[in-house]
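One structure is given here, and the rest of the page talks about it.
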Amino acid sequence: MNILIKQIMLGEKPKDILIENGVFSKISDNTDIVCDKTIDGHGKAVFPAFYNGHTHAAMTLLRGYGEDLKLFDWLNKVWKQEAKLTEEDIYNGTRLAILEMIKSGTVFFADMYWHHSAVIRAVKEMKIRANVGITFMDSLSKKALRENIDFVKNFKSESNPLIQLGICPHAIYTCGSSMYTDCFELAEQYGLKLHTHLAETKSEFDSSLRNNGCSPVAYLDSLGVLSENTIAAHCVHLTDNDAEILAEKGVTIIHNPCSNMKLASGIFNYGLTKKKGCTIALGTDGVSSNNNLSMIEEMKFASLLAKVSTLDSLSLPVEEAIKWGTVNVAKAFGLNAGEIKEGMLADCIILDLSNERLIPNHNLKSNMVFSADSSCIDTVICNGEILMENGHVDNEEEITEIASRYEIP
Ligand SMILES: [Zn+2]
């Protein structure tokens with residue numbers, strides 16, 4: 001399918017944008033080509049789509065469950081319920097998550113969960129991009145561990161270019177050193193990203209000092225598992241040396257401001273990570289610690305938190321916050337995406353400039369970080385395919401109806 005978007009605002013000027021074979025093939029003042037689909041861009045603006053660098057999609061089913069708890073109390077409560085989720089539950093919960101993500105302009109998510117076949121089924125059906133994380137913990141049975149490894153070995157990435165696998169040792173408090181090094185080798189062998197929770201809470205930091213004699217980051221570095229293929233979610237509790245290690249090894253930090261604040265995990269040290277040159281991108285974390293999957297909200301919270309934590313209103317300007325929610329996540333997962341430029345993957349959102357939250361339009365980037373919500377998004381395009389048009393996603397009524405039947409057992 002090829003698409004021509006006519007006279008849509010791109011930055012300061014109206015442009016014609018031609019999408020062919022899943023990429024932005026031509027961006028010009030005027031293009032007259034007959035396409036399968038032509039979109040009238042008058043009164044609209046095109047904007048990069050969002051990329052969610054860390055989540056647990058099927059946790060949408062636990063939205064609002066386990067409120068006002070500290071991370072480990074919350075984890076214990078949530079894990080008990082997660083153990084009861086069936087493969088079908090996870091399929092339905094993931095579909096609900098993808099629906100919510102598409103409606104809020106997100107076209108990619110990095111997932112870390114169970115029943116990856118059910119996640120992949122939902123991702124394929126809804127035509128979104130995903131890094132489907134295969135989760136590893138020491139508590140897995142030998143059989144489950146074997147199945148995980150076999151799944152990675154037998155996965156044919158060329159069968160669906162929108163889906164990549166990720167190797168996810170869960171965290172240093174659920175995985176020992178050999179689990180981390182085995183996961184690292186597996187990721188290296190198959191050219192996959194290693195995605196883990198890291199330095200999320202003070203108690204994780206303190207117990208690493210006690211058990212390993214060093215911080216969580218220094219510990220993983222000592223195991224040799226930090227590289228430019230490592231995606232580290234949270235990184236709230238960092239020493240100066242930790243931030244230097246993360247920058248030097250090229251690790252991408254996925255900052256989850258809403259989750260970190262909601263679970264009172266701590267305040268992400270923007271000043272330190274910026275000073276040391278760390279690569280930072282954004283994720284929502286799972287719904288039960290957020291409680292939604294809006295990357296627009298995540299950009300806003302990241303920006304506000306950066307300003308208040310440094311007591312500097314110049315911290316994290318909107319251009320940078322947008323990069324954290326778009327191109328930085330895309331780059332971390334090896335996607336040539338996140339910006340609207342010729343030759344890049346054709347992922348974008350079309351904004352309705354008549355939406356009250358975008359009026360007046362003195363500064364669209366600022367409006368998108370600080371004012372917008374999902375209602376501003378009219379159309380979502382992923383890989384040159386329309387996932388949402390006029391605010392509607394295929395099968396959305398069925399997806400919400402099935403998910404609304406889920407009850408906590
Ligand atoms: Zn998480």
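Given the structure is predicted, the values throughout are model-derived calculations rather than measurements. Numbering of ligands and ligand atoms starts at 1, following listing order. Sequence positions, counted from 1, serve as the residue numbers for this chain.
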### Message
Which atom name does D285 have for its N/O/S atom nearest to the Zn ion (ligand 1)?
### Response
OD1
### Task
May I ask you to check if K77 and Y65 form a cation-pi contact, with NZ or CZ under 6.0 angstrom from the six-membered ring centre and within 45° of the axis?
yes
#### Entry: Selection residues 347-356 - residue pairs positive for side-chain hydrogen bond (donor to acceptor under 3.5 Å, both in side chains), sequence neighbours left out
Y51-D347, R129-D347, D352-S354, N355-S375
### Summary
In this structure, the Zn ion (ligand 1) sits at the vertex of an angle between NE2 of H56 and NE2 of H54 that rounds to 10° as 100°
### Task
Answer yes or no as to whether an N/O/S atom of H234 is found below 2.8 Å from the Zn ion (ligand 1).
no
### Query
Do K262 and N290 come close enough that some side-chain heavy atom pair is under 4.5 Å?
no
### Message
Quick check: closest heavy atoms across A199 and L238, and the distance to 0.1 Å?
### Response
CB-CD2, 4.3 Å
